[in-house]
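Inspection log for the structure reproduced underneath, given as structure tokens.
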Amino acid sequence: MVDTAALLSESLAAIAACDSSTALEEQRVTLLGKKGTLTEALRTLGGADPETRKTLGAALNQIKEVITDAIEAKKLELAGRELDARLKTERIDVTLPARPIPNGRIHPVTRVIDEIAAIFAEMGFTVATGPDIEDDYHNFTALNIPESHPARQMHDTFYLGRQWTVDGEQKNNRQPSTINRPLLRTHTSPVQIRTMQNGKPPFRIIAPGSTYRCDSDITHTPMFHQVEGFVIDQHTHMGHLKGCVTEFLKAFFELDDVPVRFRPSFFPFTEPSAEVDIGCKRGKDEIKIGAGEDWLEVMGCGMVHPNVLKNCGLNPDEWQGFAFGMGVERLAMLKYGIPDLRTFFESDVRWLRHYGFDALDISSLPGEL
Ligand code: PHE
């Protein structure tokens, strides 16, 4: 005879003792599986007399139900406990400080643009931007560059392959005409035009960005970077331009006294125009900025041409100002002693490791002004 009371209490004790889902599953098979204790007990009923079969059968089936419920409850309890344990081991401490990735470096072009922006920010300039793909009007016409100007020819300017008609329709074009064709901006000066078109004077902006010219040799790359400076108000004169550029160069090269020379020059969009040279000394393999008998050209500048103001709806009798444009790579080469322009764009990680800057090394230049 099966001792049902003992069977129940032993089974429940065994279930309670299980300390993992795997152990519980084994226990379930031991009790309720094909050859399980309870299954076997139910099987013996076949040989029993009808009265026993009835009472014992009912008792065993009830035990089976209790055991099944107990297993189910234990299963839930263990799953909950196991999940807690897993969460504990997989815990992430989000308060830990981030580890900087030691391999990343800031490219000298980015660094120098940041330095220039920081210096001009101290002088009250904000940063403006314009598109790399420009049209003829913003890159040339509005800047008082006449249609016959050599810079417009295919030789210097990258024109994009399609001609745009006035109503915005595009057609393939092999004609020599470049008017209305989109182009890659040859300088950052079109941002002067966009600034005047989109806002109200006074203006005091710098515009850093990529520029493109169809030119490639030791000192020219087809893509390079410029920073444009642009000031318009009612009182600005050439003295302000000279002061602003000189102060900038002192701050940028971190020299109290850097000889600066304004040499008369020509740009269609400024009048008068000048090229800015800084004093330097040329050694055998290096150029030292500061006192010396040599001069080095670093930017173009001038007073904004009245025609440019008129083209943008400003009255030249009321508004005036100055503009300047400098090459970022050239300034980077001079300040950080980088000898070859072309290496800037070779994406050589060894070069970047050597000439690049630590991502967390924020320029401290403006504070030193
Ligand atoms: N845009 C001129 C260049 O690319 C530089 C410049 C800017 C000159 C502003 C004068 C005023 O050479």
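Everything numeric in this text was worked out from a predicted model, so none of it was measured. Indexing begins at 1, ligand by ligand and atom by atom, following the structure's order.
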Under 3.5 Å: N or O atoms of ligand 1 paired with protein N or O:
unit_1   : atom_1 : unit_2 : atom_2 : d
ligand 1 : 1 (N)  : His187 : ND1    : 3.0
ligand 1 : 1 (N)  : Ser189 : OG     : 3.0
ligand 1 : 4 (O)  : Arg213 : NH2    : 2.9
ligand 1 : 4 (O)  : Gln226 : NE2    : 3.0

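For the ring pair (Phe, Tyr, Trp, His ring centres under 6.0 Å) with Phe120, the lone residue among Phe248, Phe230, Phe252 that qualifies is Phe248. A ring pair (Phe, Tyr, Trp, His ring centres under 6.0 Å) with His107 is found for exactly one of Trp351, Tyr336, Tyr355, Phe357, namely Trp351.
Aromatic pair Phe322/Phe262: centroids not less than 6.0 angstrom apart. Aromatic rings from Phe344 and His225 are positioned such that their centres are separated by 6.0 Å or more.
Donor-acceptor pairing under 3.5 Å is recorded for the side chains of Thr186 and Asn139.
Between the CD1 atom of Ile193 and the CG atom of Leu143 there is a distance of 4.0 Å, given to the nearest 0.5 Å.
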